[in-house]
Each structure stands twice: as structure tokens, then as C-alpha cells.
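Take a look at the structure set out below.
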Number of protein chains: 2
Amino acid sequence: MSKKQLIMESALELFAKQGFEATSVQQITEHAGISKGAFYIAFKSKDELIIGLIDHFLLEFISEIDHVVKNQNDDHKLLNEFYTAAFHSFQKHSDFAKIFIKEQTQTVNEDLISKMHHYDKLIDKIILQMLERLYGEDIRSTKYDLIFCVKGFINTYAHLFLFFNVPFNLSLLSQSLAEKTYLLARHSEITFISEELYQTLNEPWDENITEEQIIEIIEQKIEEVEESTVRESLMLLKQHVQEPSLSQVIVKGLLANLKDHPNCKQISYLLRNYLGL
Amino acid sequence: MSKKQLIMESALELFAKQGFEATSVQQITEHAGISKGAFYIAFKSKDELIIGLIDHFLLEFISEIDHVVKNQNDDHKLLNEFYTAAFHSFQKHSDFAKIFIKEQTQTVNEDLISKMHHYDKLIDKIILQMLERLYGEDIRSTKYDLIFCVKGFINTYAHLFLFFNVPFNLSLLSQSLAEKTYLLARHSEITFISEELYQTLNEPWDENITEEQIIEIIEQKIEEVEESTVRESLMLLKQHVQEPSLSQVIVKGLLANLKDHPNCKQISYLLRNYLGL
DNA sequence: TATACTAATGACTGTTCGGTCATTTGTCAA
DNA sequence: TTGACAAATGACCGAACAGTCATTAGTATA
């Protein structure tokens, strides 16, 4: 086994137990039976190690569930197989899965956040593909909610068999979740995550948008909308972006004017982030 | 505002952004505009601070959802009101909610784990009460799965409005989750979390069980079961607990014999933990 | 003003952290 | 056996950590 692999396996075990932040490089090298220097030959930093782990295992996870969705031709078995594949993958690499679930929210590192976001989108794509194949037009308005439910189910139940040392019947679990997914797909009608909201969520969060870009988007929006309150609010906000002059409370009010207009949620979000509110 | 409150609010903000481990006492005191010494007058340690935060806010959260369940007499509104109350509470104390969601898995501190477990059980109890009132006997076999689904929904969607700076329509979200909960309660039939599994999950995990206790449980089980394989396995395991004599692989095999017997999951779990496997 | 007492300070301690690098060890071909 | 090179070491660094305590500032009473 290469030194890199040895380190990764040792780190995996310790990260799973204690979390990333709470595990020191010293502990990892001691556990792997190597020196501290050897660690820094294999990895440039502790951060590079966790990024390596995430890459390695998430790619495997994604390729496994993708394989199921692409190759299981029997629609009646698909959902079940999907959950089974997901949970098997989690079980096979339970140490990694623990880290993944723990660090999903915890992470501070910028690179890691965007990496996670990227993989999350890939997973969404696979789930969406599966749901659209199974239910097609029937779930046109609820498909994004369904994606979140599927991911929520996996997360919630993965928690159980990862953090409790109890014997689980994974096949029964998969059946149960397949049934739940089917029920929601067939019967649920209320849309919470609309197409537009989903797009907004998937935008890179903090990616520094320039003044020019935001002005351009505002101008475009001004041409689109007709309602006078919204138009005027947008024009005032545009001026404010170009040359800050309004007090914070007024800006908030103008943003509130946009809030209820169906097509202005995104721009309201962008502006709020851009202006640091 | 008392010094204690001032510290708690400052800490809340920083913990929400960076997590508990990554935030130093120095940062907290600087942010609060006080000295390091003043911090240690108000709190004995950094750990005591987070425990204080958890206690303060979780008790409030729990009392709020409990109030809704106990006082909303219209069954048709109950689910909706429940989700609304939960999300409002999360929104009102969004900094705390972020910490709560982050530290749910991350925490290493022993006291904090058992505290979280305690509050989790309280929340379960409230949800169960609500579900039983609404659906009674219809959900006898699926009620524990429903609890997990409800908690999963809250977690999954809370993630959205906590970590994305997007304007959400919480009332629509509550309606949508109420519909989903209703659908699952009315139509889902497969039980994954059985009464027994639920009990096992809610046992204190590592609480050191004595040899006497485990022997007693085994003996009780031996009398219950009839199948000879299981009986003999239990008897051998009992001997092994009293006087270790079997190799690890044999013990594993004996435990595997119990695995499929429906009433032996708990004992298999206890033994595995007790024997350190 | 003098005294007594509490509240608050921040320099300090002992550790531990991630990361570096001069030195040693191991492994080749010559 | 030698010399050249790579692999590995662990003592060491500055920084940051949680927590302490002698000292000072602030306040109320006599």
C-alpha cells in the first residue's frame, strides 16, 4: 500500500471518530506508524488530505448510484436499487460516510465548500434523472421538492446505521424508503421549491459578483417588469449600487418591495448578498 | 443586559459562523468587548458555555412546539401549525439553530452528547403525541418511521433557510410538509423502525452494563426463544461472557446466528458492544 | 476623604497545534 | 566499498489555544 493510502486510511478512521478539526496531524502519523515529515511528503497540508478523501470517496459514491440509475431497466426496481446502492456505499465506507455527514455543515475551508456544492449538484442531477424517468410530467411542479426529500431520507436514515452500532436490515430500509418516495411522487401536490428557487439555491453563493454584473442584471430586470413599485425600487437600488447614498433601512425597504414579486427573488437575493445585508 | 447574556449572544454569532471548535474564547471576548477574565467569571469553561446555550434554546424550542401540540384543537391545522412553530423558532434564533444543526453530529463532549440525546427524546415524544392524536391506530406499525421522517423534513428544509440567504415562504413550506406528512401517515405501510429497534436506539449507548445485567438478559432470552440454533448460540455466548474462552471469529459467528431472529436484535447489539466488537 | 469590597483586566502559563528542515537512514549502481 | 540520491525522521518553530491570577478600576458605605 502506498504511503498516501496508508495515511488516508488512518486519517479516515480518526476523522470519523473525532471529526476533522479535532484530529491532529500528529495523531494521524502516530496511528499510521510514520513520522510527521513523511506526512508532509505525501500531502501538502492537512486541508489537502481531507479534500483528497472527499474526492476519492464521493466520486465512487456518485459513480455507483449513477450506474444503478443508468443500468437498472426495470422501473419497478429502480427506487429500491437506488437506495440500496446508496446505503451499501455508505456502509462499505462507513468511516468516510461519517465524515461526509459531519463535515457537510461544519466545514469552513472555502475550497471544500465549493467542492461539496459541486458534488451535491451531481447527486441532484442523478436523482432528478431517476425521478423524471419514473414519473415524468406528473412531478413537473414537485420534482425539486422530491429531490430534497430523497436526500433527506438518505441523510436521516444513514445517521442511524452510521452512529448506532445496531444491526440494520438495509433491504427493508430501502423498500420502506422506496415506498415513501413513491407515495410522495404520486400524491404530493404543493410546490415549495420552485424552478426559480432551485436555480437561486444552486448559484455559487459568495462568488464575488462585480458591480458591472449586478448593474447589468438590474437593468435587464427593469425592462422585464411592469409594476411601478418594483421598477422604481430597482432603479433606486441601481443608483445606490453605483453610488451608495441611501440609509440601510431604506435599502431594506426597497428590497422588501421586490420580495413579493415572483420574478425578483433572485435579484433580491443577489443584492442582499452584494450589499452585505 | 447581564454579562452572561452578552457573552452568550456574542458566542452564538461566532459559533454559528465558524462552529464551536473553531471559535476561541479570545474571539468571543473581543467580539463582546470584554476581557478574557470576565468570561471566566461568567462561565467556568468554554464547554459550560455551549451547554448553557443548548439548554437555553432547546428548552424554548421544545416548549414552543409542545404548546402548539397541546393547544391547537383543530386537527386539520395541527400539522401545519407544528411545522410553522418549529420553523419560526429556528428563524427567530437562527444563529442557535445553525449551531444546533452543526453540532448534532460533531460534538465530542460526553455531557453534551447525552444532553442532546435527552432533548432528542423529548422532541420525539411531542411528535409522537401529535401523530397518535391525528392518526391513532392507523399508524401503529409506522409511527416511529414517521417520527424520523418529520425530523428529517425539518432538518433538510431548515438547512435551506439557515444556510442560504434567500427569502423563504415559511407558510408555504409548512403547508407542503404537512401534506407530505399526511401522505406518509395515511398511505405508507412498510415498517422499518419497529418498536424494538426504536427502544434499542433510545438506550443510553455506552452506559456501562455490568456482567450480571447482561447474563440476566441472556438467560431471560434463552427462556423465550425456541429455535435450537439461537438457544445454543445464546448459551455459548453466556459462557463466554462469564469466562472468555472463544476466539473472536467464533463469537462473531454466534452473534450472526442471532441476527436474523426477530427478537434477538437488541441482545446481539448489547453483546457486540459489551464484547467490544 | 478613607476604607472595604467587588468587578474587571490582560499578561502570563503550560500545551498543543500545523508546518519546516537539517540530519539520518536506506537503497541503489559503480 | 564507495558515493549519490531519495526517503524518512523528529527536534524545532511561531502561533494560537484554554485557562489562571496578581493587579487595578470602580463603587458604595462610613
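Chain letters run A, B, ... following the sequence lines, proteins first, then strands; residues in each count from 1.
Taking every nucleotide of DNA chain C with any atom under 4.0 Å from a non-hydrogen atom of chain B, the first and last of them, 5' to 3', are C:dA8 to C:dG10.
With sequence neighbours excluded, the residues that form a ring pair (Phe, Tyr, Trp, His ring centres under 6.0 Å) with A:Y157 are B:F192. By the side chain to side chain donor-acceptor pair (under 3.5 Å) test, B:Y40 pairs with no residue at all, sequence neighbours left out. Residues satisfying the salt bridge (Lys or Arg N to Asp or Glu O under 4.0 Å) criterion with B:K115, sequence neighbours excluded, are B:D55.
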List, one per line, each side-chain donor-acceptor pair under 3.5 Å for residues 56-63 of chain A, sequence neighbours excluded.
residue: A:E60; atom: OE2; partner: A:K92; partner atom: NZ; Å: 3.4
residue: A:E60; atom: OE2; partner: A:H93; partner atom: NE2; Å: 2.7
residue: A:S63; atom: OG; partner: A:E60; partner atom: O; Å: 3.1

Using a cut-off of 4.0 Å between protein heavy atoms and nucleotide atoms, how would you tag nucleotides 7-22 of chain D 5' to 3' with B, S and -?
-BBB------SBBBB-
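Judged purely by distance below 3.5 Å, without hydrogens or angles, the side chains of B:D124 and B:Y144 never pair a donor atom with an acceptor atom.
Of the charged side-chain nitrogens involved, at least one lies within less than 4.0 Å of a carboxylate oxygen, so that A:D120 and A:K151 count as a salt-bridged pair.
Both cation-pi conditions hold for B:K4 and B:F43: the charged atom is under 6.0 angstrom from the six-membered ring centre and inside a 45 degree cone around its axis.
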